[in-house]
> 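My structure is below; once you've seen it, I'll send some questions.
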Amino acid sequence: MVIQKMKTKKFFVGMFALMALSSYGQTLEKMNWFNEPEKWNINGGKLTMAVTPNSDYWRISHYGFTVDDAPFYYAEYGGEFEAKVKISGEYKVRFDQAGMMIRLDHENYIKTGIEYVDGKYNLSTVVTHKTSDWSVIALDRPVEYIWIKAVRRKDAVEIFYSFDDKEYHMMRNAWVEANHPVKVGMFAACPDGNGFNATFSDFKVTHLPDAVRTEWLKINAE
């Protein structure tokens with residue numbers, strides 16, 4: 001009986017380890033559009049889109065308007081996860097932007113990536129819960145591409161950036177409702193201009209075992 005319990009425990013520990021290392025079986029071709037742009041293409045694991053002119057995501061605060069009309073290519077996930085994507089864009093005018101979005105609904109979402117403002121590249125995050133806020137980190141030089149990584153744990157999303165997909169730096173920690181499915185994917189917006197081309201690659205969502213459940217299993221291990 002003791003040996004059997006030990007085998008059972010090892011089995012569950014092994015299963016959770018595999019789950020932590022596994023990725024959801026998403027492919028770009030199986031994802032969905034919200035505000036599909038006029039022109040887009042998937043080739044070799046890359047999504048390229050011609051960003052819709054005069055489009056954006058923002059709710060109310062500071063500017064006094066609400067818009068929800070920029071391209072967003074997504075899949076839906078429940079539970080806790082790590083999402084990562086490589087982003088590049090031919091930014092032209094003020095507020096041209098491209099990145100990752102985590103979206104519960106039209107009043108609750110996070111968009112994060114690169115935003116071109118006043119001739120400079122900025123690491124940008126907008127967190128929206130009824131109303132939007134905006135935080136930026138100005139870069140001292142243009143960048144050809146950037147990686148964004150978001151880790152959802154419990155009721156929070158930690159957002160990181162990297163220039164080489166090796167060394168990541170945290171840029172934001174934001175609240176998001178726990179235990180609620182969210183849409184995760186790639187977005188781009190062009191509030192001020194006539195559009196630009198944005199390219200996304202290496203999009204990956206990795207399942208993370210639920211933190212509260214994992215802790216319960218440890219405490220209640222047989």
> Please say yes or no: joined through hydrophobic side-chain contacts below 4.5 Å, possibly via intermediate residues, are M31 and V51 part of one cluster?
yes
> For the side-chain contact (heavy atoms from CB on, under 4.5 Å) test, which of M100, K86, K46, M186 pairs with F200?
M186
> In terms of heavy-atom contacts, does CG of D118 have more than 12 from other residues, nucleotides or ligands at under 6.0 Å?
no
> Just to verify, what does N54 make a side-chain contact (heavy atoms from CB on, under 4.5 Å) with, not counting sequence neighbours?
none
> Do V184 and I148 sit in one hydrophobic cluster, given that two such residues count as connected whenever their side-chain heavy atoms are within less than 4.5 Å of each other, even indirectly?
yes
> Can you confirm whether V151 sits close enough to L208 that some side-chain heavy atom of one is under 4.5 Å from a side-chain heavy atom of the other?
yes
> Name all pairs fulfilling the salt bridge (charged side-chain N to carboxylate O under 4.0 Å, His left out) condition that reach into residues 142-155, sequence neighbours left out, sorted by first residue then second.
E80-R153
> Going by ring-ring contact (aromatic ring centres under 6.0 Å, His included), name the residues that satisfy it together with F196, two or more places apart in sequence or in a different chain.
Y91
> Suppose we call two aromatic rings close when their centres sit under 6.0 Å apart. Are Y168 and Y161 close by that rule?
no
> Should we count CG of N179 as having more than 12 external heavy atoms under 6.0 Å?
no
> Compare all side-chain heavy atoms of W40 with those of W33 and state whether any distance is below 4.5 angstrom.
yes
> Report yes if some heavy atom in the side chain of I114 is under 4.5 Å from a heavy atom in the side chain of L139; otherwise report no.
yes
> How would you list all residue pairs meeting ring pair (Phe, Tyr, Trp, His ring centres under 6.0 Å) that involve residues 170-191, not counting sequence neighbours?
H129-W175
> Between Y57 and M101, is there a side-chain heavy-atom distance shorter than 4.5 Å?
yes
> Can you pull the salt bridge (charged side-chain N to carboxylate O under 4.0 Å, His left out) pairs that have at least one residue in residues 59-72, sequence neighbours excluded?
R59-E107, D68-R103
> What salt bridge (charged side-chain N to carboxylate O under 4.0 Å, His left out) pairs are there with at least one residue in residues 89-100, not counting sequence neighbours?
R94-D192
> Hydrophobic clusters here meaning ILVMFWY residues chained together by side-chain heavy-atom distances under 4.5 Å, can you tell me if I102 and M171 are in one?
yes
> Please indicate whether N32 has more than 12 foreign heavy atoms, meaning atoms of other residues, nucleotides or ligands, lying under 6.0 Å from its CG.
yes
> Would you mind reporting whether D56 and F95 have side-chain heavy atoms less than 4.5 Å apart?
no
> Under a 3.5 Å distance rule, please check whether S124 uses its side chain to pair with a backbone N or O of V136 as donor and acceptor.
no
> When you compare the side chain of Y109 with that of F72, does any pair of heavy atoms fall below 4.5 Å?
no
> Taking M49's backbone N and O only, do any of them form a donor-acceptor pair with T199's side chain (distance below 3.5 Å, no angle check)?
no
